[in-house]
A.B. asks: 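Following this message is one structure expressed as structure tokens.
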Amino acid sequence: MEEMEQSLRELEMWLQEALAAADSVAAVEALRVATLGKKGRLTRLLQNLRHLPKKERARQGAAANILKKTALHLIQTRLSTLQKAELDASLAAERIDTTLPARPEQMGRIHPVSQTLDEIMAIFGWMGFTAVEGPEIEDDFHNFTALNIPPEHPARQMHDTFYLPERADGKRFLLRTHTSPVQIRVLETERPPIHIIAPGRVYRRDSDMTHTPMFHQVEGLVVDSTINFSNMKNCILLFINSFFEKYDIQIRFRPSFFPFTVLSAEVDINSAIEKKLMTCTSYEGWLEIIGCGMVHPHVLNSCGLDPEHWQGFALGMGVERLAMLKYGIPDLRTFYEPDIRWLQHYGLLFMDVPSVFGRR
Ligand code: DAH
């Protein structure tokens, strides 16, 4: 009896000392097995209880069970301390010093599309526009109908839409073919005055020298009670001059058609005159860079705005086209071929971002 009590005390002291000396998770695990495992010291003591008289057995059994709990607690505590220490050590060993200078041969580059987007956003931000985003998976209503493009309208064919499989409830979604649906999303939720710019990816079933199935657009929308065509013209001129960092660029506004604008125009830039700017293109002549116009009364009406009181202008531009012109990149498809040499050549260094003035 005495013997048993003595053993329990000894065992507890032994375990405490051994745990304090254990310096790894594995060492603690070994102690756990040596104590509580099938052939562990405490397990064996518990087994020996059956040799004791019944009364004694209950008393000693209780004491042994208390020790079992204590042992588990001691092991767990030591384990947590060591685990934390091991984690701290591995975090310290894996630490990356981000202040180390970059190795020039490994310097990352910014993709021309990211750079161009940053520049466009900086210029419009400076003009007082707010950036907003819309979903890339759109419904028919926002991508077409609300933009005054009803079903069966020929403009729907022009867009070569990627449709998603029809859902069980009969609804069919699509990948947006332009950023113009963001106009609708903004008009549905905000009241004028509105000055927004919406960058993002758009998708069309098209792939050749001058088309990729995914590309980027930036949409602009201004709505207020005294907005006219010359406001739009001025805004676009200011943008083009700032973007190309030249104030004598020859551009023209050519009458055009978009279902969601009336008094629509396309803005062309003269690549024959701007040879220096566009070292990339063998094509010499007018190049379209922006579509724009006064927001169609149907669009305002469908968003609950009275066209007698509110007017607006909208514009949309292709980011890749602008990047090609500014950075002299001849082939659109190369933008999305994962070729590191291309990125090293055309990519930009991060210190260049985004500069409206002072490049060259
Ligand atoms: N959404 C047109 C397209 O993808 C571009 C566009 C034209 C946007 C005129 C506009 C606009 O906001 O007013 O071809």
Side-chain angles (χ1 to χ4, degrees), residues 120 124 127 129-136 138 140-150 153-162 174-188 194-206 210-224 227-237 239-240 251-269 287-300 302-303 305 307 310-322 332:
I120 297 170
F124 279 98
M127 286 199 255
F129 285 70
T130 304
V132 297
E133 281 183 314
E136 285 173 31
E138 262 299 1
D140 218 86
F141 176 76
H142 289 90
N143 198 78
F144 293 125
T145 314
L147 285 162
N148 199 28
I149 314 176
H153 193 286
R156 289 206 180 194
Q157 265 95 61
M158 277 159 45
H159 280 224
D160 299 310
T161 313
F162 283 112
L174 48 84
L175 296 181
R176 69 177 176 192
T177 57
H178 51 176
T179 42
S180 302
V182 186
Q183 288 186 35
I184 305 300
R185 297 205 170 264
V186 169
L187 288 171
E188 279 173 343
I194 289 169
H195 309 83
I196 60 100
I197 194 90
R201 296 192 184 96
V202 300
Y203 303 84
R204 293 191 195 170
R205 290 164 56 121
D206 231 344
T210 52
H211 298 91
T212 50
M214 185 283 297
F215 59 102
H216 295 77
Q217 285 189 338
V218 173
E219 193 79 13
L221 176 69
V222 171
V223 180
D224 207 337
I227 299 296
N228 58 42
F229 198 86
S230 53
N231 295 147
M232 179 180 82
K233 230 179 127 180
N234 206 38
C235 174
I236 290 174
L237 276 174
F239 166 72
I240 292 177
I251 63 164
R252 72 177 181 194
F253 281 75
R254 176 171 42 81
S256 185
F257 170 81
F258 300 104
F260 36 91
T261 48
V262 60
L263 269 204
S264 308
E266 274 170 286
V267 185
D268 297 340
I269 186 164
L287 269 173
E288 180 219 322
I289 54 170
I290 294 176
C292 60
M294 302 306 291
V295 180
H296 199 291
H298 287 178
V299 174
L300 293 171
S302 75
C303 298
L305 290 173
W310 303 108
Q311 311 84 46
F313 68 80
L315 57 93
M317 59 187 113
V319 179
E320 282 80 354
R321 169 65 67 85
L322 287 172
L332 176 65

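Please read these numbers as outputs of a predicted model, since none were measured by experiment. Keep in mind that the numbers below use all heavy atoms, side chains included, and drop hydrogens, waters and symmetry copies. All ligand and atom numbering here is 1-based and tracks the order in the structure.
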A.B. asks: Once rounded to the nearest 0.5 Å, what's the spacing between atom NZ of Lys233 and atom CG of Asn228?
C.D. replies: 11.5 Å
A.B. asks: Counting heavy atoms only, name the option from Cys292, Ser264, Gly316 that's nearest to atom 5 (C) of ligand 1.
C.D. replies: Gly316
A.B. asks: Only heavy atoms of Thr261, strictly under 4.0 Å: list the atoms of ligand 1 that pass.
C.D. replies: 13 (O)
A.B. asks: Which ligand 1 atoms does Gln217 reach within 4.0 Å, using its non-hydrogen atoms?
C.D. replies: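 Counting from 1, the qualifying ligand atoms are 3 (C), 4 (O).
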A.B. asks: So do Glu266 and Ile289 actually touch side chain to side chain, heavy atoms under 4.5 Å?
C.D. replies: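 A side-chain contact is absent here, since even the closest heavy-atom pair is not under 4.5 Å.
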A.B. asks: Hey, is Ala314 touching ligand 1 through its side chain, its backbone, both or neither, going by heavy atoms under 4.0 Å?
C.D. replies: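 It is both parts that get close, each with some atom under 4.0 Å.
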A.B. asks: With distance as the sole criterion, is a donor-acceptor pair present between the side chains of Asn143 and Thr177 under 3.5 Å?
C.D. replies: yes
A.B. asks: What I'd like to find out is whether the side chain of Phe253 reaches to under 4.5 Å of the side chain of Ile236, using heavy atoms alone.
C.D. replies: yes
A.B. asks: Look at the rings of Phe144 and His178 and say which category their plane angle falls in: under 30° parallel, 30 to 60° tilted, over 60° perpendicular.
C.D. replies: tilted
A.B. asks: Which of the numbered atoms in ligand 1 are under 4.0 angstrom from any heavy atom belonging to Gln183?
C.D. replies: 12 (O)
A.B. asks: So for ligand 1, is His178 a polar contact partner (N or O within less than 3.5 Å, distance only)?
C.D. replies: yes
A.B. asks: Residue-level breakdown please: for Leu315 versus ligand 1, do any non-hydrogen atoms fall below 4.0 Å on the side chain, on the backbone, on both, or on neither?
C.D. replies: backbone
A.B. asks: For Ser180, counting its heavy atoms only, list the atoms of ligand 1 lying under 4.0 Å from any of them.
C.D. replies: 1 (N), 8 (C)
A.B. asks: So for Met317, does at least one of its heavy atoms come nearer than 4.0 angstrom to any atom of ligand 1?
C.D. replies: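 False for this residue.
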A.B. asks: Of Glu266, His296, Arg204, Glu219, which has the heavy atom at the shortest distance from atom 3 (C) of ligand 1?
C.D. replies: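 The residue whose heavy atom sits nearest atom 3 (C) of ligand 1 is Arg204.
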A.B. asks: Going by an N to O cut-off under 4.0 Å, is there a salt bridge joining Asp268 and Arg252?
C.D. replies: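 Looking at Arg252 together with Asp268, the answer is yes, because their closest N to O distance falls below 4.0 Å.
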A.B. asks: Can you name the one residue among Ile197, Val182, Leu221, Ile194 that meets side-chain contact (heavy atoms from CB on, under 4.5 Å) with Val132?
C.D. replies: Val182
A.B. asks: Would you mind telling me if ligand 1 is within reach of the side chain of Phe313, the backbone, both or neither, using heavy atoms under 4.0 Å?
C.D. replies: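 Neither; no heavy atom under 4.0 Å.
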A.B. asks: Please report whether the ring centroid of Phe229 lies less than 6.0 Å from that of Phe313.
C.D. replies: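 When the ring centroids of Phe313 and Phe229 are compared, they turn out to be at least 6.0 Å apart.
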A.B. asks: Near Gly293, which atoms of ligand 1 are under 4.0 Å from a heavy atom of that residue?
C.D. replies: 13 (O)
